[in-house]
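Keep in mind that the numbers below use all heavy atoms, side chains included, and drop hydrogens, waters and symmetry copies. Source: prediction; values computed, not measured.
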Amino acid sequence: METFAGIAQRRHATGEIEYRPAVDPEGMPAGNLGPEPAAYHGTARGARPGWENRRTALSVLQELTLDVDSHVPLVTAPTLVARGRGDTAIPVADAVAVHAALPGPKELPVLDTVDHIGLYDDDTYVEPVGEAGRTA
């Protein structure tokens with residue numbers, strides 16, 4: 001937290017926004033760590049116009065302190081929580097807990113993925129999730 005206090009103080013004093021890499025295969029201080037995100041973001045597979053490999057340094061603090069669990073019961077719209085068995089970034093158990101806490105209509109397709117990124121653009125996984133979302 002000391003690091004974030006220093007970042008916030010510098011921003012207040014100078015008005016400058018500090019950035020960190022969004023993706024770094026070597027690890028911190030990136031938001032998405034390791035080789036899997038690096039193999040997607042910033043490559044031809046994940047290319048998006050205008051994407052830059054950066055995020056504000058203070059956004060990491062928001063991510064680390066976000067309390068999703070307290071907000072899930074407030075969701076009233078039909079909700080699709082898709083997860084992959086091979087996802088080590090967000091375990092299936094986390095998706096099951098979120099799904100259980102949702103008060104409204106909901107679906108939880110758990111797919112046989114080998115990683116987290118496959119849910120982004122691999123039709124093997126995207127199509128079943130899209131179908132589940134249309135029926136939720």
Spell out, yes or no, whether [X] and [Y] are grouped together once hydrophobic residues are joined by side-chain heavy atoms under 4.5 Å, including indirect joins.
X: Y40; Y: V114; answer: no
X: V72; Y: V81; answer: yes
X: L74; Y: V68; answer: no

Inset, instruction - Evaluate the side-chain proximity of R20 to I7: yes if any heavy-atom separation is below 4.5 Å, no if none is. - result: yes
Drop me the distance from [X]'s [atom1] to [Y]'s [atom2], to the nearest 0.5 angstrom.
X: I17; Y: R54; atom1: CD1; atom2: CZ; value: 8.0 Å
X: T79; Y: K106; atom1: OG1; atom2: NZ; value: 9.0 Å
X: E18; Y: L58; atom1: CD; atom2: CG; value: 7.5 Å
X: F4; Y: R11; atom1: CZ; atom2: CZ; value: 14.0 Å

Legend entry - Residues which pass side chain to side chain donor-acceptor pair (under 3.5 Å) with E16, listed by chain and number, not counting sequence neighbours: none
Using distance only, find each side-chain donor-acceptor pair of residues 88-105 under 3.5 Å and give its atom names and separation, not counting sequence neighbours.
none

Inset, instruction - Sorted by first residue and then second, give each salt bridge (charged side-chain N to carboxylate O under 4.0 Å, His left out) pair with at least one member in residues 72-87; sequence neighbours left out. - result: R83-D87, R85-D112
Legend entry - Donor-acceptor contact present, side-chain E36 to main-chain H116, <3.5 Å: yes
Inset, instruction - Report yes or no: does N53 contribute a side-chain atom to a donor-acceptor pair with the main-chain N or O of V23 at less than 3.5 Å? - result: yes
Legend entry - Atom of A22, atom of W51 and distance for their closest heavy-atom approach: CB-CZ2, 4.4 Å
